Amino acid sequence: MKSKKFRSPIIVIALISLVAGATVVVLPARAGQLKAFTAEQIAETVIVANGSRPLLSQIRRNGVERGRQTRTAQDGHTEEAHYEMRFVRGEKAEKDKVRVDNKTPQAEYSLINSEGRIFGIINGSPFTPRADATADFISQQAHSIDALLRYKENESKLASAGKDKHQGIDVYVIDLTDKTNRKTRYFVSAKTFRVLWLEYEETPPGAGSPVKYSKRFYDYRVAQGTLVPYRTVLSEDGKQTMETRISTVTYGVKMEDSLFQNPEAASSGNP
């Protein structure tokens, strides 16, 4: 008697959700059969598909991500930079500590968000980042897959935007609004419950009208039992402006508080 080697990934996710203790989601048994689910049911299944809430909370409490980014200017010129992102997560996003060390052909510098306080460091000295750099830094965390995975912890609100089909792929669409009223729309595969892309609008500092941004996620891989997209493409008003490729990611790495401390504050605290 042959065993059923291929099982619908949707059914597998439903079974995992029961084992992981996540919100029970009744999912369609037939591939391609889309039903109306609440935004919370979709989000909870996305969390399970990414590793489950307990595992994500335990494994991704802190970590180091390394990779490269390619930025494309309006004139078509591209610039590549290498980055190293280190983070320590708090109970909520506003308590997170994030440090990104950037190395471009022109300079090496760090941007740090320490529980809502944003500053930069270059050659060991602090500086105040430009308004657009600060806005981009905040947006990277606020409009992300992580924001959806932590919607409950961050007290964000969810709403269903229905179902859709893009290039033959069935997707569920859900809207997330965080406590500062930032809005992000997520497009979730109805088959795998992975986030395929997200969209949001923001008005850059000094601009007179909002810009429509989109992030598309590719090359999902398993990292310590959790899913990570190793390639992300950011577009502004339909034009690609940045591509991020992860080379390595490691979770569970201990971080010294000094990594996220302003050098001026550290020196003033010494006798």
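These numbers were taken from a predicted model, which means no experiment stands behind them.
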**Student:** Does Lys239 reach the main-chain N or O of Gln74 with its side chain, forming a donor-acceptor pair under 3.5 Å?
**Tutor:** yes
**Student:** May I ask you to decide whether Glu201 forms a salt bridge with Arg185, counting only side-chain N to carboxylate O separations under 4.0 Å?
**Tutor:** no
**Student:** Apply side chain to side chain donor-acceptor pair (under 3.5 Å) to Arg117 and list each qualifying residue two or more places apart in sequence or on a separate chain.
**Tutor:** none
**Student:** Would you call Glu79-Arg71 a salt bridge at under 4.0 Å N-O?
**Tutor:** no
**Student:** Answer yes if the side chains of Thr180 and Asp178 hold a donor-acceptor pair under 3.5 Å, and no otherwise.
**Tutor:** yes
**Student:** Give the minimum heavy-atom separation between Lys92 and Arg150, together with the two atoms involved.
**Tutor:** C-NH2, 3.7 Å
**Student:** May I ask you to test the Ile145-Pro229 pair for a side-chain heavy-atom distance under 4.5 Å?
**Tutor:** yes
**Student:** Provide the closest heavy-atom pair for Pro204 versus Ser209 in the form atom of the first, atom of the second, distance.
**Tutor:** CD-O, 4.1 Å
**Student:** To check you understand the geometry: which heavy-atom pair defines the closest contact between Ile47 and Arg53, and what is its length?
**Tutor:** CD1-NH2, 3.2 Å
**Student:** For Lys179, look at atom NZ and say whether over 12 heavy atoms of other residues, nucleotides or ligands are found less than 6.0 Å away.
**Tutor:** yes
**Student:** Can you label the angle between the Phe127 ring and the Tyr109 ring as parallel, tilted or perpendicular, going by 30° and 60°?
**Tutor:** perpendicular
**Student:** Could you check whether any side-chain N or O of Tyr186 sits under 3.5 Å from a backbone N or O of Ser144, counting only pairs where one atom can act as donor and the other as acceptor?
**Tutor:** yes
**Student:** Under 3.5 Å, side chain of Thr134 to main-chain N/O of Arg130, donor-acceptor pair present?
**Tutor:** yes
**Student:** What are the two closest non-hydrogen atoms of Leu158 and Ala43, and how far apart are they?
**Tutor:** CD1-CB, 3.5 Å
**Student:** Does the pair Lys165/Asp170 count as a salt bridge with the N-to-O cut at 4.0 Å?
**Tutor:** yes
**Student:** Walk me through whether Val195 and Phe217 qualify under side-chain contact (heavy atoms from CB on, under 4.5 Å).
**Tutor:** CA-CA 7 Å; Val195 176; Phe217 305 101; 4.0 Å; yes
**Student:** Got a sec, which pairs hit side-chain hydrogen bond (donor to acceptor under 3.5 Å, both in side chains) with one end in residues 210-220, sequence neighbours left out?
**Tutor:** Asp219-Arg221
**Student:** Under 3.5 Å, is there a donor-acceptor pair between the side chain of Thr104 and the main chain of Ala107?
**Tutor:** yes
**Student:** Under 4.5 Å between any side-chain heavy atoms of Thr226 and Leu56, yes or no?
**Tutor:** yes
**Student:** Is the number of heavy atoms from other residues, nucleotides or ligands under 6.0 Å of Glu84 CD greater than 12?
**Tutor:** yes
**Student:** Less than 3.5 Å apart, any donor N or O on the side chain of Glu202 or His143 sitting next to an acceptor on the other?
**Tutor:** yes
**Student:** Please check this pair: side chain of Asn113 against backbone of Val98, looking for a donor-acceptor N/O pair closer than 3.5 Å.
**Tutor:** no
**Student:** I'd like to know if Asp175 pairs up with Lys157 as an ion pair, taking the criterion as any Lys NZ or Arg NE/NH1/NH2 lying under 4.0 Å from an Asp or Glu carboxylate oxygen.
**Tutor:** no
**Student:** Checking Gln41 side chain against Thr38 main chain: does a donor-acceptor pair fall under 3.5 Å?
**Tutor:** yes
**Student:** Is a salt bridge present between Arg99 and Asp101, judged by a nitrogen-to-oxygen distance below 4.0 Å?
**Tutor:** yes
**Student:** One pair to check against side-chain contact (heavy atoms from CB on, under 4.5 Å): Tyr230 and Ser247. What are the steps and the verdict?
**Tutor:** CA-CA 8 Å; Tyr230 270 60; Ser247 55; over 6 Å; no
**Student:** If you measure only the distance, is there a donor-acceptor pair under 3.5 Å linking the side chains of Tyr151 and Glu40?
**Tutor:** no
**Student:** Is the shortest side-chain N to carboxylate O distance from Glu80 to Arg68 below 4.0 Å?
**Tutor:** yes
**Student:** Do Glu243 and Arg231 come close enough that some side-chain heavy atom pair is under 4.5 Å?
**Tutor:** yes
**Student:** Under a 3.5 Å distance rule, please check whether Asp75 uses its side chain to pair with a backbone N or O of His77 as donor and acceptor.
**Tutor:** yes
**Student:** Going by side-chain heavy atoms closer than 4.5 Å, which hydrophobic residues are tied to Ile112, directly or by a chain of links?
**Tutor:** Val64, Val88, Phe119, Ile121, Val253, Met255, Leu259, Phe260
**Student:** Counting neighbours of CZ on Arg61 that are heavy atoms of other residues, nucleotides or ligands and sit closer than 6.0 Å, is the number greater than 12?
**Tutor:** no
**Student:** Around atom CD of Glu256, are there more than 12 heavy atoms of other residues, nucleotides or ligands at under 6.0 Å?
**Tutor:** no
**Student:** Under 3.5 Å, side chain of Glu65 to main-chain N/O of Val249, donor-acceptor pair present?
**Tutor:** no
